[in-house]
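Only a predicted model underlies this, so the values are computations on that prediction, with no experimental measurement involved. By convention in this document, chain letters (A, B, ...) are assigned in the order of the sequence lines, proteins followed by strands, and residues within each chain are numbered from 1.
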There are 2 protein chains.
Amino acid sequence: MRKESRLIQWIWRIILVTALFFMGFIVGWFAKPTHPRTTNNSASTKYLTEFLEEIQPDKIREHLRKFTRLPHLAGTEQNLKYAEQIQREWKDFGLDSVEMVPYDVLLSYPNKSQPNYISIVDQLGSEIFNTSLAEPVPEGYEDVSDIVPPYSAFSAKGQPEGDLVYVNYGRTEDFFQLQREMGINVTGKIVIVRYGRIFRGNKVKNAMLAGAKGIIMFSDPADYWAAGVQPYPDGWNLPGGGAQRGNVLNLNGAGDPLTPGYPAKEYTYRFSLEEGVGLPKIPVHPIGFHDAIHLLKNMGGQIPPNNWKGGLNVSYRIGPGFTDEFKNQKVRMNIHTNNQVTRIYNVIGTIRGALEPDRYVILGGHRDAWVFGGIDPMSGAAVVHETVRSAGKLLSKGWRPRRTMIFASWDAEEFGLLGSTEWAEDNAKVLQERAVAYINADSAIEGMYTLRVDCTPSLHTLVYDLTKQIASPEEGEEGVSLYESWHKRDNWTNDRDAPRISKLGSGSDFEAYFIRLGIAAGRARYTKNKAVARVRGGLIFLLADSQLLPLSANEYAGSLRKYAQSIAQLAQRHPEELETFEVSFDFLFSAVENFTVAARGFHERLKTLNTADPLEVRVMNDQLMYLERAFIDPLGLPGRPFYRHVIFAPSSHNKYAGESFPGIYDALFDIENSADPERAWMEVKRQISIAAFTVHAAAMTLTPPA
Amino acid sequence: MRKESRLIQWIWRIILVTALFFMGFIVGWFAKPTHPRTTNNSASTKYLTEFLEEIQPDKIREHLRKFTRLPHLAGTEQNLKYAEQIQREWKDFGLDSVEMVPYDVLLSYPNKSQPNYISIVDQLGSEIFNTSLAEPVPEGYEDVSDIVPPYSAFSAKGQPEGDLVYVNYGRTEDFFQLQREMGINVTGKIVIVRYGRIFRGNKVKNAMLAGAKGIIMFSDPADYWAAGVQPYPDGWNLPGGGAQRGNVLNLNGAGDPLTPGYPAKEYTYRFSLEEGVGLPKIPVHPIGFHDAIHLLKNMGGQIPPNNWKGGLNVSYRIGPGFTDEFKNQKVRMNIHTNNQVTRIYNVIGTIRGALEPDRYVILGGHRDAWVFGGIDPMSGAAVVHETVRSAGKLLSKGWRPRRTMIFASWDAEEFGLLGSTEWAEDNAKVLQERAVAYINADSAIEGMYTLRVDCTPSLHTLVYDLTKQIASPEEGEEGVSLYESWHKRDNWTNDRDAPRISKLGSGSDFEAYFIRLGIAAGRARYTKNKAVARVRGGLIFLLADSQLLPLSANEYAGSLRKYAQSIAQLAQRHPEELETFEVSFDFLFSAVENFTVAARGFHERLKTLNTADPLEVRVMNDQLMYLERAFIDPLGLPGRPFYRHVIFAPSSHNKYAGESFPGIYDALFDIENSADPERAWMEVKRQISIAAFTVHAAAMTLTPPA
């Protein structure tokens, strides 16, 4: 018995030991995380709060002052100095790397020894009136040198002389009206148009197409004065001596005119100036309305319809030329602007992603300015600077985003988005594969009384979610979210009960990323700079640090439906031709339906995703990332190889306006203008077919991959 | 003491219990795999062996017999029947899904009631000689209907009549020689050329450019007879009544001529026949040499140089027209071939990947044949069929590849690679993001005495590694690997001591995948069908199932260096112009150097990769997968928007030959031919710059992503 009891005791001991060991084993097994590098979402949320809180208005003001002390036109020494300073400070803020990336692009400057101006000349050829050579210098700025006088960058050189014709805003429809209704041919004439409504480069192109030998653009108070506001320096309305600088290229996304499609590097082949993309062949010059009055006041010819009349005390007669009394007087343009290949500098800063270093979220904005850039672009650049500082602070606390963040200070935006486009061309292949989103940071401040957001539909949800987490900066709105404040002021009435978000057009540095490469993009502006910083910063933070990409295919589906309806409605202006040429939008609608179903299915599957499995997460994130890419047609829009987004691009008639289904839109626009209606309608059909295909193909990217 | 000792005993017990539990915990913690779904590499190797062993020559023979009983031209009922049978059998073999994917493309058939032929007519217009309407029927095939007579698919209709001019192979250089050295203008003439050396479509294009109003192509024994072999049916030389069918399009990768760039679906806009891509504007017809003798024997004009003479017992005079004795006789072509939009069917089968379902490895080959397709394509299709059967067998044993495998039976390859190109267009967006590699399976069997492989450089290592694991199928080579057998027979002497691998050209279904989309691609052929099956099958197995993609950037670097040297050498034929126009290849060489360094660094990092981390593995695999994509230029080669691979594409002068740096190659080719040498050399410079940029950009994809 003794032995037996001992045996039993031993058996018990062994069982106990085994059980204890086994218990330990089980606990150890389950205690170990399956995927140790899964992001901790609550930590990410905490860091977001810290990140947004760290953004300080005082600092933004400081950055803005620092970078607007001196004029810093692209290609000048001062703009390089600012670039070097930004590089130094971003390094100090703690970014992993900050590089200076140069390109040699075509820029354009007035000739310092031969100023540009416009004259009225008498029959002897004597200049009896000349427009001003510079803007009046505001008080306190008398000692600043290097203020470039108003000019049209990339204007052709020349001294054309002739009669003036006034063509309103210089839009396609204005030239049609001039030629067809007023019976006036501008061949060999100099046209004068007012600024506004469309991109100035389109005005120049229209003038060239109509045969003009020069074009003068002026800023009319009807377009540049707000009621009850004094002109600068007493108020913020445009003074009569102020003229709008700007480039007059028709690049359609080509970047550097001499190296379309490729980065402007040492080894890059350059076209000659004659072959360059989008360079106007006629002289162009901008003037203020004080000067414009002198050119307009004695004009003869027809009195135009009221909507051609601006706010000056002149009759806005069409011409050609002056009234009989002054009929011996002509207008002469004296333009000596030079094009020259010049080195520009982007500054590129990086925070390496911890888990997915090969996924990029980009915040970019330009640095170059026509003069000081107090608003455009430094109000935006100061925001980027502060965002970098705040991100650096977080890095020092041990945070590191899941994905890589890239910060960019672009050069030569004012000369045709050159810095951003060259970098996009240089990095096209990696960006295509790796870029999650591009957030643009041009002028942060605009005369808007609430937040203004333009972005791709897949970002809608994120913008709404984020703005709900940011406090309204408006006085008397304590405890109110930015979302509520925005919603109250700018509801998207017709479409849904939510704050209005607009389509992206062009005219700033997101262009190459969005319209050429198909990277989800957005921009935000507001008179309240800190709120803008938090929106821009919050967007890149959440895009870079969320385990699941905060992009919505459902929102894209909803927008596509709206756009399809609206373009079909536009076509309905021609009901007979739609029937004659058998033009139908049915295939586009069924593609949108297909996309809607695919998007819904995708988001359903997302709900049951095993977020502990890094590959499963990556597969679905890739589908979200590549959704925007699916709307890119490598063949480009007709005649515009660098505008490749089938859903969003500017119309051919106005670079500033973002159109949906731009291929169809342009084809419909051309109907009016075509000598061969059947051919024109076939092009509409072709464009509908391309749109339907693209939407179907995009839907396919959202279905389970196998 | 008693109490104390008890206490001590209890302490010991607690320590023991804790220690045991802790030991268990530690063991449990470490026993649990970090990433439970990591592929088991030794299991994969075992499955590879089973997969290759399962491939049986008897079965291949059986598949081949089954699918060559009846003619199955694209667009015919029989070819649809075979498609349905393949779909059924692939389902039975166990694929996860097998789908029939139709497109409506432009095909071309002889008019059944008005046969095509060529006549000699006398001065009264009477046909005194007509070429045969069909090939002689071999014994045993008397009852087979639906054998399409020899014709040139997509020939223009027409009955041109005129004098013949003989232009050798109809190459660019032949026409130059004719015009410049022999002083003969073919405008308004009918040209007769022999088959061979270049793609027939290029001959037709050259004839059109030279102004000919018709073109006749014949197969000359000099090019289609092997010494000491009897003509069919006594041996395998081409009989005099045999004529080569084939399409005469100049598609340059466009796919369906009416829907370039987009899949030919119900909703797709179709160009008119006049606008279609690559359709010849003149009648074209192929004849055998029995008929050719009749056309050639009475020709007058100059006696050509010896290298223009073929193997027929005629003098191969150039013409134009017949000798004086027969000068009233003319040649008339009677061509009534019809173009018509016709439905075709691809069969697409899928095995879903276990871990990375969104990564695709494709094995595709065509099914349509001009007649029975005993070699082209069914020797290859039988191999695909057997590969699918073997993969299905493995699936039933519980295996599932890491990545998705896609098997394709393409339609209408003979009509311009239409089935494969339309599917590539349809799926371009997902393929661009997800396709790892495309392995082509056209005719498996060719008159080669050893293995013949054409593939992208990144596949070289894999091909070598795989063939070392496959036994030589040659008699008397027991225990010898396929690699050794191949190496012995076809050493890559000049470049390295290894079996020769060639560049991919065009002329089969890999074209859209490789040259348009930039997907790593390869093909393998051999007279030994089972070995071909094992090579093709082994390639897709390893590409789909290896944890790390078996692609080599180092091999690409080595090839780029070789290609750069060879194109620079070609340019050296014009040393003076290189100096005059400052043409240098230095930038290209430094780009290659940059690529070489990046590739080496990449493979170094690969050695220290933590293969237990699925995201780290995926990041590097993605770099490997996207390497080929980096060589794609979305702008395409000059005038060829669908040939977009900067490193590999056919020359503009011969679709069959794959050139390296085709943009530079074509620009150099055009030097000879240009009226403006400066402009032509500027194009050479531009192409060098594009090549340098592309190689730099590809290098960038291999550096650490952040």
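Neither the backbone nor the side chain of E683(A) has a heavy atom closer than 4.5 Å to any heavy atom of chain B. For a residue to count as touching a neighbouring chain, one of its non-hydrogen atoms must lie under 4.5 Å from one of that chain's; by this rule R270(A) does not touch chain B. For I688(A), no part lies near chain B; criterion is any non-hydrogen pair under 4.5 Å. With a 4.5 Å cut-off on non-hydrogen atoms, T701(A) touches chain B through its backbone and its side chain both.
Aromatic ring orientation, Y262(B) versus F693(A): perpendicular (interplanar angle above 60°, classes split at 30° and 60°).
Between chain A and the residues Y269(B), F587(B), Y626(B), the most heavy-atom pairs under 4.5 angstrom are made by Y269(B). The candidate from H696(B), R359(B), E356(B) with the greatest count of non-hydrogen atom pairs under 4.5 Å with chain A is H696(B). Listed options E266(B), Q687(B), K265(B), R644(B) were ranked by heavy-atom pairs under 4.5 angstrom with chain A; first place goes to E266(B). Between chain A and the options M682(B), K685(B), Q623(B), the largest number of non-hydrogen pairs under 4.5 Å is found for M682(B). Note on I690(B), D622(B), T694(B): by heavy-atom pairs under 4.5 Å with chain A, the leading option is I690(B).
Using a 4.5 Å heavy-atom cut-off against chain B, the contacting residues of residues 635-643 of chain A are L635(A), P641(A), F642(A).
Of the options R402(A), R618(A), R403(A), a salt bridge (Lys or Arg N to Asp or Glu O under 4.0 Å) to D358(A) is made by R618(A) and by none of the others.
Of the possible polar contacts, one joining the S584(A) side chain to the D586(A) backbone as a donor-acceptor pair under 3.5 Å is found.
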